[in-house]
Asks: 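This structure is in structure tokens; I'll ask about it shortly.
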Amino acid sequence: MPGTARIPSVSGEQPSLAEGATVTSAYASPPGGYPPAAAPPAPPAVVATEVSKVYGSGDAAVHALRGVSVGFARGVFTAIMGPSGSGKSTLMHCLAGLDTVSGGQVRLGDSEITRMSDKQLTLLRRNRIGFIFQAFNLLPTLTAEQNIKLPLELAGRALDQRWFEQVVEVVGLRDRLNHRPSELSGGQQQRVACARALVARPEVIFADEPTGNLDSRAGAEVLGFLRGSVREMGQTIVMVTHDPVAASYADRVVFLRDGMVVTELTRPTPDAVLDTLKRLGA
Ligand SMILES: Nc1ncnc2c1ncn2[C@@H]1O[C@H](COP(=O)(O)OP(=O)(O)OP(=O)(O)O)[C@@H](O)[C@H]1O
């Protein structure tokens, strides 16, 4: 029952499930339960509680989300999957304060974002959330370095030069910092976008089909980098994807169907993700 049991895996440690194990709901415990926790679990980075979203009204109403309750643990890489039209993008937009909810609550850390004004949401997105989009969204006239630093400059925040160096090292862009986007491959452009999201140390990064425009090799590089940022930097990432291989880089996959969370996988394999999608009719 959503809302009554605890959210699994809220600390960085993964529960000891077999690879590709399925649990029946976002809140259910695996068979045998979790091992005893060494420390009290950290509160999740983002929590949606009974979130609903209706587009339009009357006969034309579309119920895109129907009471979604799901938590996203800190320092964990979570993928959101489901058939086309199941509500993935809508959920991500509601979690990131890019769209309003029709009912329910979204919390980012201590803040209830579903109560915020437009101005507060703008500041929240600027200061506390990172975004990576399918279309890279880099400014063509700026170099890679300028693109990476831009959000901090816009927010009037000081750059931590050591952190910048570390991020640049991890994404492997050291010798490309003075290149403009048109002088970079798609994979390199997306790595610039990843660095831009990471350098501000956001509480959570939302990635919307980050490998959708990349070939499989460049996609693997970007996913490997995202995975590394979770492992080495403790970043929290929530990624929407259609690709079972991309989802297998995540610690956890949450599946939607018809606007509801229907199941999830922990330590997913591509085959387990594919099997689950087939069962959901994707
Ligand atoms: N602005 C909108 N106005 C009306 N209906 C919308 C709007 N945005 C989304 N929808 C509807 O809400 C439902 C969920 O859409 P959403 O884009 O969240 O699904 P999705 O799982 O991300 O789909 P896809 O995998 O095809 O991108 C769909 O039925 C869609 O047609």
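Excluded from the calculations below are hydrogen atoms, water molecules and symmetry mates; all remaining heavy atoms, backbone and side chain alike, are included. Both counts, for ligands and for their atoms, begin at 1 and track the order of listing.
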Asks: Please walk me through it: do F136 and L184 pass side-chain contact (heavy atoms from CB on, under 4.5 Å)?
Replies: CA-CA 12 Å; F136 317 146; L184 298 171; over 6 Å; no
Asks: State, with a plain yes or no, whether a side-chain heavy atom of L280 is found less than 4.5 Å away from one of F255.
Replies: yes
Asks: Does a side-chain heavy-atom distance below 4.5 Å link M92 with F131?
Replies: no
Asks: Under a plain distance cut-off of 3.5 Å, with no hydrogens placed, do T263 and R279 share a side-chain donor-acceptor pair?
Replies: no
Asks: Linking Ile, Leu, Val, Met, Phe, Trp and Tyr by side-chain heavy atoms under 4.5 Å, what else ends up with L154?
Replies: L139, L142, L150
Asks: Taking any residue with a non-hydrogen atom under 4.0 angstrom from an atom of ligand 1, which ones do you get?
Replies: Y55, V62, A64, P83, S84, G85, S86, G87, K88, S89, T90, H242
Asks: Side chains of Q190 and E221: closer than 4.5 Å at any heavy-atom pair?
Replies: no
